[in-house]
Each structure stands twice: as C-alpha cells, then as structure tokens.
Amino acid sequence: MKNFVAEPLWQALQELHQQGILPQLPAHLELDRPKQQAFGHLASNVALLLSKSSGKRPRELAEAIAGALPSSPWIEKCELAGPGFLNFFLRPAAFQAAVATVHAEGERYGSMDMGRGERIHLEFVSANPTGPLHVGHGRGAAYGASLANILRFCGYEVFCEYYVNDAGRQMDILAASVFLRYLEVAGQALPWPFPKSAYQGEYVRDIAARFHETAGDVLLHAGEALPALDGMEDGDRMVDVLIAHLKLRLGAETYSRLHAAGLEEILADIRDDLAGFGVHYDNWYPERSLMQGGAVESAIARLVEGGYTYSSGGALWFRSTEFGDDKDRVLRRENGAYTYFASDVAYHWEKFQRGFGKMVDMWGADHHGYIPRVRASLQALGQEDSALEVLLVQFAILYRGEEKISMSTRAGEFVTLRQLREEVGNDAARFFYVLRRADQHLDFDLELATRHSEENPVFYVQYAHARVHSLWRQAGERGLSVPDGAGLPALRTLEDPREFVLADLLWRFPEQVESAAREREPHQIAFYLKELAASFHTYYNATRILVEDEDVRLDRLALCRAVARTLANGLALLGVTAPEQM
RNA sequence: GCGCUCGUAGCUCAGCUGGAUAGAGCAACUGACUACGAAUCAGUAGGUCGGGAGUUCGAAUCUCUCCGAGCGCGCCA
C-alpha cells in the first residue's frame, strides 16, 4: 500500500534531482501513518530531511515536491502541513484493493521474498536434558518457533536446531541422582540423606524405577560401600565424590548405561513435550558428537594455528580480549578436559562448516556475559561479526497470585511446561508467551491464567475470527448469497471510514510481518492481531453485515472474510489455531 | 567495582532505524442484547515518559551524568 504513495513520490524526487533542485536523493523513503486523521493516510517527512543538503527551507521544498508529483489513481490529494510534512490522502479504491489482495493471496497473504532463500540456523531452547522443561523454557520455545515461522514466511530457509548438552557434568549429576533413587527403589537405604545438590524431582525416582525394572539389581554392588559424606558440605564437591565413586565401581560400560537411561528418557520427554506444543526441530545436535567427531580438537587447532591461544598454569587459553572480551578464556583445563566453552566454539564453527552463514542463537538472558567470548571465537576463526546474532530471552517469573514460585530444577519445585499446557491450553500459552518483547521479564500468573482464562487476549482474537465464520453460517441459514472467492464483488460500496480503517489494517499486515522478521520480534504480530480484532469488533457492532441490499452485503462479507483470513494467517505464525466456532 | 539489559497511566505492557496533541488491555465509573455470537461495543477518568543537562526544525526514542531495579563477571554448564 505504501507503494501507492512511494512510487509517485520517488518519481517527483528524481524529477527535482534532474532539475538540480535536489543535489542529493534520500537512501530510502519513509512513510508514516499519522495518528490523526487530519494528517491523511500516509505522511512523508522527506522535505525535512532534505532541507539541509538542498539549502532550502523545508516548506519550500515540500511545495516543490508536491508540485512535481505525477497524478495517481490511488491518491486523492497531497497537503502541506506543519514544518514541512507531506500528507497524502488516498482514494477509496486504494482501500478496496486491500480486500481483493487478501483474497487473491489467501494463506500466503503477508508472505514475501525478503529472505531470497537465505539460510538461517536458528537454535533455541537447548535446555540441559536433566529434567522436564519448565515454563521458562516454554517461553524460548514459543518465541523461537514463532520466529522460525515468521522468517520462513518472509522467504528465509530456516533450520531449527536443539543443542543437546549430553556431555557435561550436569549429566553426571543426573546419573548419580538416578543411581541413588535406584538404590532406594531396590530397597537399599542410603547411609545419609538424599543430597540437596543432586536432582530431587519426582521424575528422577520414576526414571530410577523403570531403570530398575530393565536392569535389575546388577548395579546394587556399587551402593554397598558408598563414600562417607559426613562433615562434607552438601555442594559441588560432594556430588563429585559420588560421581567418581560410581564411575570407578560400575566401570565405564555400566556407568554409561546408567547415564544413557536418564538422558534418553528425559530427552524423549522433551521432544514429545515440544512437539505437542507445536515446536518442531530439523535437528537435535548432541554435544557428544562434537567430542567424538574431533570437532573440538580441530576447532581449537585452528585457534592455535592462528596464534590466538597461549598456555598458562597448565591450561590452554584463548585470547578473547583481542576481540573485546573482558578477559581471556580457558579452552582446555589443567586436567586436560575441555571446557564447555571449547565445545561451544566447536559447535558454532561446525555450524558454519555445514554452510550456515547466518546463525541466530536464543539464550536465556542470564547468559549475556557469554556473548563476547563466543563472538570473539568466531572472529578468530575468520567469520564475519554479523554471522552470529544472539537473542536474549528473559526467563518467565512465575506467580500463583501474589506468591512467587521458585523454579530451581535441582530442588524440583518447578512448574513444567507440560503442566502449563494442560492448565491453560496450547493456544493461550503460545499467545501469552509472545505478548511481550523477549528481552522483558514476563510475569506469568498461573492463578489468573487458569481461573480467568477467558480474559486472555487470545480469546479476543480467536473470537473475532469465529464471528466472521458465524456470519457465513447465518447467511446460509437465511438463504442469502455470499461471495465465493471466484466471483469477488467489485467492492464499490465500501466507503464507511470504519471500513477504511479495517482495510488499512489489512494493508499493514505484510509490513508488520516484515518488521517482526527484521527485528526478530514475534510480539509485533501478537499486538497487530489484537488491534485488527479490536477494529473488527468495533465495525461489527456498528455495522449490520447481512443487509438486504445484495451489493452492500457481498462487499461487507468480502471485507469480513479478508479480516478472518488475515487473522488466521497471523495466528498461524504464532502457532495458534483459528477456530471457526468457539 | 566493571559490563549488559531496563525504568512510560493504579497494575501489565506497546510505541515501527527522532516526527506533528504519548497508546492499548486489565482495574474504576457511565451506558448498549425482542438486532448478524454481550467471550463484544460506546464513553469518562487516569502519565512533568525515573531526575537533570546536551544534540536540532523536532527527543519517550540519540549522547552524557546522577538515582533505582534485574542479570552477568568460574580451569561450572
């Protein structure tokens, strides 16, 4: 729609440029939608921007531009206003064209080819598989999946990946936790209370019980001489002692069986949970494969060859300070083990090797201090700084009424994503999650969400969609003719200002999608949908749609149907259903 | 202490690469169903955009500085 004005405006500017009145043309044209009706449908500030380089006063320049505008079937008039704004008023035909465009493009309305098939690697959630996903992870899932949909809609080829941290110490702690519960299941009492630094959740007990069913008592011997933990502080060292004991007593093979039992079961649960939430991945990337495939060694070898490393205190360090990081970072510890950072360097390098020139990572906001070092490593490995984009997602803060609920995975007192989905439903959860900018804290009040779920904005939007379909049902019952898509009405009768407001909003959808994609902000779609639904409800309450006059009726139905189509397209981007009845 | 993010109506939040009188939803108050779904709508009230200074035709938006909040600063992941 902006092209209706942008093209003639651009012609006028070029005309003045050739005449020598404008020494310089703007890099791009910006058209605003003024808040006040008196300022027209679209406004340009180009005269204000060009006044300096042309040495002319803004109003004088605006006048010249207005005079050079070619005539257009879409533009009613162009007025000068304020310090030098150009205010454009559109003809009804411009709005009527919106309805026809929506119907012509259907499910593809709002899509575009901005990305031109560019490949984007999108990594999100990637929670450690040490327990079920909680509501904080749900936010990342909803945000990432919606962003993937939006980017695909804009012509990008998006590859979604979940990075599985299956190699770290946290997994060892899980294995130890499962083992202790296993002893209890087998009827063997622990010589000390279950450690607080181990995973306490009920799910650990369940995994242990199933593991006992398949493995039997063959691991029991390792529980016979458990290390004395008396007097030891319940913390990292205590679990390390336990892990060391287990590895020694069980042997590598049996230990890895125990390790795998926990990992596989939890991972299966996470996959199932996300799939049920409408979140799909193209690949699940195990951290262990980096180790086993030698990717870590080769990435680090590259850093060493490039002269970006040094040894100190028996450890291998990366000079990340050369690329703006606060301090240098350890890649390989004194004990020879690689750090988590080392595998992350390898992981990002490996993504690049797979042909992804563009990587978008979504991390919890508490990881923001981690960005400079990863960015540094990519630069040291010769990649463009812009190759990696990190989006931070604040964790959701969960409330039950006034009471804040803590979400420590180890303590096991968290609300799972699965529980949330069951309580409020997928639609409400998906919509609610993207109703805020990702980098803002999200207060999620369970009591409100469960008790007053009908107050959730998602119902407001879905209701607007259902109302349109209700019109069709009504028309059918009364034997009235309805537009059938093939024979779209000419839309001559649409001329109510409220109809133009709606049509103008329909025009805005593609612009909003583009903006959401560019800024990586799905919440823009959610806000847009609320606005479109509100305008529709207003129109619906003020205007009778199913009137006797057939021309008017068909036009209004076509407009309503275009609204429903646009609502459905937008909801689909957010992974929310568009019901025809509620 | 250093770094990142943030501070907009009673509450929760929008505000598009600075644009013309700062918006929405809840909550409060007043109205609209013998009418296509009242899960809705119309209206009233509510803000020195944390304080101050600067940049310019023009600042919630950019810069600086204070105040306040959250997070991060490990040979953890």
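So that the names make sense, note that chain A is the first sequence line, chain B the second, and so on, each numbered from 1. Predicted model only: the values in this text are computed from it and were never measured. Just so you know, these numbers use all the heavy atoms, side chains as well, and skip hydrogens, waters and symmetry mates.
For the pair A/Tyr540 and B/rG37, the criterion of a side-chain N or O lying under 4.0 Å from OP1 or OP2 is met. Listed pair A/Arg333 / B/rC76 meets the phosphate criterion, a side-chain N or O lying under 4.0 Å from OP1 or OP2. The phosphate of B/rC6 (OP1 or OP2) has no side-chain N or O of A/Gln394 nearer than 4.0 angstrom. Residue A/Gln440 places none of its side-chain N or O atoms closer than 4.0 Å to OP1 or OP2 of B/rC6. Contact annotation: A/Arg467 side-chain N/O to B/rA39 OP1/OP2 distance is not under 4.0 Å. Applying the 4.0 Å criterion to OP1 and OP2 of B/rC41, one finds that A/Tyr460 has a side-chain N or O inside that range. An OP1 or OP2 oxygen of B/rC13 is reached within less than 4.0 angstrom by a side-chain nitrogen or oxygen of A/Arg436. Checking the phosphate oxygens (OP1, OP2) of B/rA42, a side-chain nitrogen or oxygen of A/Thr538 falls inside 4.0 Å. Taking only side-chain nitrogens and oxygens, A/Ser515 never comes nearer than 4.0 Å to OP1 or OP2 of B/rC16.
Among the atoms of the strands shown, base atoms are found under 4.0 Å from some heavy atom of A/Ala43. Across all strands, A/Gln474 comes closer than 4.0 Å only to sugar-phosphate atoms, never to a base (heavy-atom distances). A/Asp344 comes within 4.0 angstrom of nothing in the nucleic acid, heavy atoms only. Counting non-hydrogen atoms under 4.0 angstrom, A/His368 reaches a base of the nucleic acid. Residue contacts for A/Ser343: at a heavy-atom cut-off of 4.0 Å it reaches no nucleic acid atom on any strand shown. Within 4.0 Å of A/Glu519, counting heavy atoms only, lie sugar-phosphate atoms of the nucleic acid but no base atom. Nucleic acid contact for A/Asp326: none, since no nucleic acid atom lies under 4.0 Å from a heavy atom of the residue. Using a 4.0 Å heavy-atom distance criterion, A/Ser312 is classed as a base contact. Among the atoms of the strands shown, none is found under 4.0 Å from any heavy atom of A/Gly314. Among the heavy atoms of the strands lying under 4.0 Å from A/His523 are primed sugar atoms or P, OP1, OP2 only; no base atom is included. Within the 4.0 angstrom heavy-atom criterion, base atoms lie near A/Phe85.
Of the C1' atoms belonging to B/rU63 and B/rC76, the separation is 39 Å, rounded to the nearest Å. Here the separation of B/rA14 from B/rU61, taken at their C1' atoms, is 14 Å to the nearest Å. Annotation: B/rC13 and B/rA22 have their C1' atoms spaced 14 Å apart (nearest Å). Comparing the C1' positions of B/rG25 and B/rU65 gives an interatomic distance of 36 Å, to the nearest angstrom. Rounded to whole Å, the separation between the C1' atoms of B/rC16 and B/rU55 comes to 23 Å. When the P atom is compared between B/rU5 and B/rC64, the two are found 12 Å apart, to the nearest whole Å.
Rounded to whole Å, atom P of B/rG72 lies 13 Å from atom CZ of A/Arg373. For A/Lys327 and B/rG1, the NZ to P distance is 17 Å, given to the nearest whole Å. Across the protein-nucleic acid pair, A/Leu331 atom CG and B/rG74 atom P stand 16 Å apart, rounded to whole Å. Taking atom CG on A/Leu435 and atom P on B/rA14, their separation rounds to 9 Å, with Å as the unit. Across the protein-nucleic acid pair, A/Arg329 atom CZ and B/rA77 atom P stand 14 Å apart, rounded to whole Å. With rounding to whole Å, A/His367 atom NE2 is found 7 Å from B/rA77 atom C1'. Distance CE (A/Met291) to C1' (B/rA77): 11 Å, rounded to an integer number of Å. One can place CZ of A/Phe39 at 8 Å from C1' of B/rU21, the figure rounded to the nearest angstrom.
The only member of A/Val296, A/Val374, A/Leu290 that meets side-chain contact (heavy atoms from CB on, under 4.5 Å) when paired with A/Tyr347 is A/Leu290.
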Nucleotide by nucleotide, nucleotides 54-63 of chain B touches protein heavy atoms under 4.0 Å in the pattern (B base, S sugar-phosphate only, - none) ---B------

Per-nt protein contacts along nucleotides 45-50 of chain B (heavy atom under 4.0 Å; B base, S backbone sugar-phosphate only, - none) come out as ------

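In this structure, the nucleotide among B/rA39, B/rG19, B/rG72 sitting nearest to the side chain of A/Asp32 is B/rG19. The A/Arg169 side chain lies nearest to B/rC76 when the options are B/rG15, B/rC76, B/rA39. The side chain of A/Ala466 lies closest to B/rG37, out of B/rG37, B/rA77, B/rC36. Distances were taken from every side-chain heavy atom of A/Tyr463 (C-beta onward) to each of B/rA39, B/rC75, B/rC73; the shortest belongs to B/rA39.
At least one side-chain heavy atom of A/Leu48 sits under 4.5 Å from a side-chain heavy atom of A/Pro83. Counting heavy atoms from C-beta on, the side chains of A/Leu435 and A/His523 never come closer than 4.5 Å. In this structure the side chain of A/Arg375 never reaches within 4.5 angstrom of the side chain of A/Asp325, judged on heavy atoms.
Using modelled atom types, one side-chain atom of A/Ser177 and one backbone atom of A/Ile173 make a donor-acceptor pair closer than 3.5 Å. Formation of a donor-acceptor pair under 3.5 Å by the A/Gln524 side chain with backbone atoms of A/Val513 is not found in this model.
Remark: B/rC2 base-pairs with B/rG72; criterion is Watson-Crick or G-U wobble with both hydrogen-bond distances under 3.5 Å. If you check B/rC36 for Watson-Crick or wobble pairing at under 3.5 angstrom, you find it has no partner at all.
A/Glu30 and A/Asn45 share no side-chain donor-acceptor pair at under 3.5 Å. Judged by distance alone, the side chains of A/Tyr143 and A/Arg139 never bring a donor and an acceptor atom under 3.5 Å apart. At a cut-off of 3.5 Å, with distance as the only test, no side-chain donor of A/Thr130 or A/Gln170 sits close to an acceptor on the other residue. Judged purely by distance below 3.5 Å, without hydrogens or angles, the side chains of A/His348 and A/Asp361 pair a donor atom with an acceptor atom. At a cut-off of 3.5 Å, with distance as the only test, no side-chain donor of A/Glu322 or A/Tyr308 sits close to an acceptor on the other residue. A donor-acceptor contact closer than 3.5 angstrom links the side chains of A/Glu550 and A/Ser481.
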Can you give me the N/O atom pairs linking the protein to nucleotides 30-35 of chain B at distances under 3.5 Å, or say none if there are none?
from, atom 1, to, atom 2, distance (Å)
B/rA35, O2', A/Arg544, NH1, 2.9

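For the atom pair CG of A/Leu86 and SG of A/Cys78, the computed distance is 4.5 Å after rounding to the nearest 0.5 Å.
Along RNA chain B, the nucleotide nearest A/Gly369 and the nucleotide nearest A/Asp439 are compared for position; the residue whose nucleotide lies closer to the 5' end is A/Asp439.
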>> Working note: A/Glu499 + A/Tyr539, criterion side-chain hydrogen bond (donor to acceptor under 3.5 Å, both in side chains); need CA distance, chi angles, decisive distance, verdict.
In response: CA-CA 7 Å; A/Glu499 289 166 341; A/Tyr539 176 63; 2.7 Å; yes

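Ring orientation note: the planes of A/Phe341 and A/Tyr370 are nearly perpendicular, at an angle over 60° on the 30°/60° scale.
Note on A/Asp326 versus A/Arg373: no salt bridge recorded, every NZ/NE/NH1/NH2 to OD/OE distance being 4.0 Å or above.
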